[in-house]
Amino acid sequence: MPRVVVLVGMMGSGKTTVGRRVADKLGYTFIDTDDLVVARAGKSVREVFEHDGEATFRALESQALAEALATPVDAVVAAAGGCVLSAENRALMTTASATVLWLDADVASLTARTARSPHRPLLDGDPTARLTQLDSQRRSLYAEVADERIDTDGLTLDDVVQRVVSYA
Ligand code: S3P
(Lines give C-alpha, C1' and ligand atoms only; values in the text may rest on other atoms or scores of the structure.)
Protein backbone atom coordinates (compact mmCIF):
# COMPACT_ATOMS: atom_id res chain seq x y z
CA MET A 1 0.00 0.00 0.00
CA PRO A 2 1.65 3.31 -1.02
CA ARG A 3 2.00 6.05 1.59
CA VAL A 4 0.12 9.17 0.57
CA VAL A 5 0.14 12.61 2.15
CA VAL A 6 -2.55 15.01 0.94
CA LEU A 7 -2.18 18.75 1.49
CA VAL A 8 -5.40 20.74 1.54
CA GLY A 9 -6.01 24.42 2.13
CA MET A 10 -6.75 27.70 0.47
CA MET A 11 -5.05 29.15 -2.59
CA GLY A 12 -1.75 30.59 -1.37
CA SER A 13 -1.50 28.36 1.69
CA GLY A 14 1.71 26.82 0.31
CA LYS A 15 0.48 23.38 -0.79
CA THR A 16 2.60 23.27 -3.93
CA THR A 17 5.78 24.77 -2.50
CA VAL A 18 5.62 22.73 0.69
CA GLY A 19 4.46 19.61 -1.15
CA ARG A 20 7.43 19.65 -3.55
CA ARG A 21 9.90 20.05 -0.69
CA VAL A 22 8.31 17.32 1.39
CA ALA A 23 8.25 14.96 -1.60
CA ASP A 24 11.95 15.66 -2.22
CA LYS A 25 12.82 15.01 1.42
CA LEU A 26 10.87 11.77 1.64
CA GLY A 27 11.70 10.53 -1.86
CA TYR A 28 8.00 10.50 -2.74
CA THR A 29 6.42 11.54 -6.03
CA PHE A 30 4.80 14.97 -6.04
CA ILE A 31 1.35 15.27 -7.63
CA ASP A 32 -0.56 18.54 -8.02
CA THR A 33 -4.22 18.12 -9.01
CA ASP A 34 -4.12 21.37 -11.02
CA ASP A 35 -1.29 19.90 -13.14
CA LEU A 36 -3.41 16.82 -13.84
CA VAL A 37 -6.34 19.04 -14.87
CA VAL A 38 -4.10 21.05 -17.21
CA ALA A 39 -2.68 17.86 -18.76
CA ARG A 40 -6.13 16.37 -19.29
CA ALA A 41 -7.76 19.58 -20.57
CA GLY A 42 -4.79 20.61 -22.71
CA LYS A 43 -5.17 24.19 -21.47
CA SER A 44 -4.48 26.28 -18.41
CA VAL A 45 -6.76 26.44 -15.36
CA ARG A 46 -7.68 30.00 -16.34
CA GLU A 47 -8.58 28.87 -19.88
CA VAL A 48 -10.76 26.03 -18.55
CA PHE A 49 -12.64 28.51 -16.32
CA GLU A 50 -13.00 31.03 -19.15
CA HIS A 51 -13.85 28.69 -22.05
CA ASP A 52 -15.66 25.82 -20.32
CA GLY A 53 -16.88 27.28 -17.03
CA GLU A 54 -16.31 26.45 -13.38
CA ALA A 55 -18.56 23.36 -13.41
CA THR A 56 -16.36 21.73 -16.07
CA PHE A 57 -13.29 22.67 -14.09
CA ARG A 58 -14.74 21.09 -10.93
CA ALA A 59 -15.53 17.86 -12.80
CA LEU A 60 -11.96 17.69 -14.11
CA GLU A 61 -10.69 18.46 -10.63
CA SER A 62 -12.65 15.54 -9.15
CA GLN A 63 -11.19 13.19 -11.76
CA ALA A 64 -7.72 14.54 -11.00
CA LEU A 65 -8.14 14.02 -7.27
CA ALA A 66 -9.33 10.44 -7.75
CA GLU A 67 -6.38 9.77 -10.06
CA ALA A 68 -3.93 11.30 -7.58
CA LEU A 69 -5.29 9.29 -4.64
CA ALA A 70 -4.99 6.09 -6.68
CA THR A 71 -1.23 6.58 -7.01
CA PRO A 72 0.61 3.27 -7.09
CA VAL A 73 3.71 4.85 -5.52
CA ASP A 74 4.33 6.87 -2.34
CA ALA A 75 3.20 10.42 -3.05
CA VAL A 76 2.58 13.89 -1.71
CA VAL A 77 -0.60 15.27 -3.28
CA ALA A 78 -1.33 19.00 -3.41
CA ALA A 79 -5.14 19.03 -3.61
CA ALA A 80 -6.24 22.32 -5.18
CA GLY A 81 -8.17 24.64 -2.88
CA GLY A 82 -11.61 23.74 -4.23
CA CYS A 83 -11.23 19.94 -4.00
CA VAL A 84 -13.11 19.95 -0.69
CA LEU A 85 -16.24 21.52 -2.21
CA SER A 86 -17.63 18.20 -3.42
CA ALA A 87 -18.96 15.78 -0.80
CA GLU A 88 -17.77 12.94 -3.01
CA ASN A 89 -14.23 14.32 -3.02
CA ARG A 90 -14.32 14.75 0.75
CA ALA A 91 -15.47 11.17 1.18
CA LEU A 92 -12.69 10.00 -1.11
CA MET A 93 -10.09 11.87 0.93
CA THR A 94 -11.29 10.55 4.26
CA THR A 95 -11.71 6.94 3.16
CA ALA A 96 -8.41 6.73 1.25
CA SER A 97 -5.66 5.52 3.55
CA ALA A 98 -3.92 8.86 3.24
CA THR A 99 -2.76 11.39 5.80
CA VAL A 100 -4.62 14.63 5.10
CA LEU A 101 -3.00 17.82 6.37
CA TRP A 102 -4.60 21.27 6.25
CA LEU A 103 -2.17 24.13 5.65
CA ASP A 104 -3.95 27.02 7.30
CA ALA A 105 -2.96 30.67 6.92
CA ASP A 106 -4.65 33.98 7.59
CA VAL A 107 -6.15 35.97 4.74
CA ALA A 108 -3.35 38.57 4.81
CA SER A 109 -0.76 35.84 4.12
CA LEU A 110 -2.95 34.26 1.45
CA THR A 111 -3.37 37.63 -0.25
CA ALA A 112 0.37 38.33 -0.18
CA ARG A 113 1.29 34.91 -1.54
CA THR A 114 -1.33 34.77 -4.29
CA ALA A 115 -0.43 38.29 -5.48
CA ARG A 116 2.84 36.88 -6.84
CA SER A 117 1.08 34.69 -9.40
CA PRO A 118 -1.94 35.99 -11.31
CA HIS A 119 -3.08 32.61 -12.72
CA ARG A 120 -6.07 32.12 -10.40
CA PRO A 121 -9.32 33.24 -12.07
CA LEU A 122 -11.29 33.27 -8.81
CA LEU A 123 -9.04 36.02 -7.50
CA ASP A 124 -9.60 38.51 -10.33
CA GLY A 125 -11.03 41.74 -8.92
CA ASP A 126 -10.64 42.09 -5.16
CA PRO A 127 -8.47 39.17 -3.98
CA THR A 128 -8.71 39.99 -0.26
CA ALA A 129 -12.52 40.09 -0.32
CA ARG A 130 -12.66 36.89 -2.36
CA LEU A 131 -10.16 35.03 -0.17
CA THR A 132 -12.03 36.15 2.96
CA GLN A 133 -15.31 34.85 1.55
CA LEU A 134 -13.88 31.54 0.27
CA ASP A 135 -11.92 30.94 3.47
CA SER A 136 -15.00 31.39 5.64
CA GLN A 137 -17.05 29.12 3.35
CA ARG A 138 -14.42 26.41 3.27
CA ARG A 139 -12.86 26.28 6.74
CA SER A 140 -15.32 23.69 8.03
CA LEU A 141 -14.71 21.57 4.91
CA TYR A 142 -10.94 21.57 5.35
CA ALA A 143 -11.47 20.71 9.02
CA GLU A 144 -13.79 17.86 8.05
CA VAL A 145 -11.22 16.09 5.87
CA ALA A 146 -8.00 16.91 7.71
CA ASP A 147 -6.24 14.64 10.19
CA GLU A 148 -4.22 17.65 11.37
CA ARG A 149 -4.32 21.43 10.89
CA ILE A 150 -0.98 23.20 10.56
CA ASP A 151 -1.15 26.91 11.34
CA THR A 152 1.54 28.19 8.99
CA ASP A 153 1.48 31.83 10.13
CA GLY A 154 4.67 32.62 11.99
CA LEU A 155 6.38 29.47 10.71
CA THR A 156 9.18 29.48 8.14
CA LEU A 157 8.87 27.34 5.04
CA ASP A 158 11.38 24.90 6.57
CA ASP A 159 9.27 24.71 9.75
CA VAL A 160 6.15 23.87 7.76
CA VAL A 161 8.02 21.25 5.74
CA GLN A 162 9.33 19.68 8.96
CA ARG A 163 5.86 19.68 10.47
CA VAL A 164 4.39 17.94 7.42
CA VAL A 165 7.23 15.39 7.36
CA SER A 166 6.57 14.64 11.05
CA TYR A 167 2.96 13.71 10.28
CA ALA A 168 3.75 11.81 7.05
C1 S3P B 1 -8.98 27.11 -6.77
C2 S3P B 1 -7.67 26.83 -6.43
C3 S3P B 1 -6.58 26.77 -7.43
C4 S3P B 1 -7.11 26.34 -8.80
C5 S3P B 1 -8.25 27.22 -9.21
C6 S3P B 1 -9.41 27.25 -8.19
C7 S3P B 1 -9.98 27.21 -5.69
O8 S3P B 1 -5.56 25.84 -6.99
O9 S3P B 1 -7.54 25.00 -8.74
O10 S3P B 1 -7.73 28.50 -9.45
O11 S3P B 1 -11.20 27.12 -5.97
O12 S3P B 1 -9.58 27.34 -4.51
P13 S3P B 1 -4.55 26.14 -5.76
O14 S3P B 1 -5.28 25.90 -4.49
O15 S3P B 1 -3.45 25.16 -6.00
O16 S3P B 1 -4.11 27.55 -5.92
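Counting convention: from 1, in listed order, for ligands and their atoms alike.
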### Task
Identify whether the distance between the nearest side-chain nitrogen and carboxylate oxygen of Glu67 and Arg40 falls below 4.0 Å.
yes

Can you tell me if [X] contacts ligand 1 (heavy atom of the residue under 4.0 Å from the ligand)?
| X | value |
| --- | --- |
| Arg138 | yes |
| Arg113 | no |
| Thr16 | no |

Among all the protein's non-hydrogen atoms, which is closest to [atom], and how far away is it?
| atom | value |
| --- | --- |
| atom 6 (C) of ligand 1 | Leu122 CD1, 4.0 Å |
| atom 3 (C) of ligand 1 | Asp34 OD2, 3.6 Å |
| atom 5 (C) of ligand 1 | Val45 CG1, 3.9 Å |
| atom 2 (C) of ligand 1 | Met11 CG, 3.3 Å |

#### Entry: Heavy-atom side-chain proximity of Asp32 to Arg20 below 4.5 angstrom
no

### Message
Return the CD to OG1 distance between Gln133 and Thr128, rounded to the nearest 0.5 Å.
### Response
12.5 Å

### Query
Rounded to the nearest 0.5 Å, how far apart are CG of Leu155 and CD of Gln162?
11.5 Å

### Query
Taking N or O atoms only and a 3.5 Å limit, does Gly81 qualify as a polar contact for ligand 1?
yes

### Query
Mind checking whether Arg120 has an N or O less than 3.5 Å away from an N or O of ligand 1?
yes

For residues [X] and [Y], report the shortest heavy-atom separation together with the two atoms involved.
| X | Y | answer |
| --- | --- | --- |
| Ser109 | Asp153 | OG-OD1, 2.6 Å |
| Asp74 | Pro2 | OD1-CA, 3.3 Å |
| Met11 | Leu110 | O-CD2, 3.3 Å |
| Arg90 | Glu144 | NE-OE2, 3.1 Å |

Atom indices of ligand 1 within 4.0 angstrom of [X] heavy atoms, with elements:
| X | result |
| --- | --- |
| Gly82 | 7 (C), 11 (O), 12 (O) |
| Arg58 | 7 (C), 11 (O) |
| Phe57 | 9 (O) |

### Task
Of the side chain and backbone of His119, name the one, both, or neither that has a heavy atom under 4.0 Å from an atom of ligand 1.
neither

### Task
Under 4.0 Å, heavy atoms only, figure out whether ligand 1 is touched by the backbone of Val37, its side chain, both or neither.
neither

### Message
Tell me whether Glu88 at atom CD has more than 12 heavy atoms from other residues, nucleotides or ligands lying less than 6.0 Å away.
### Response
no

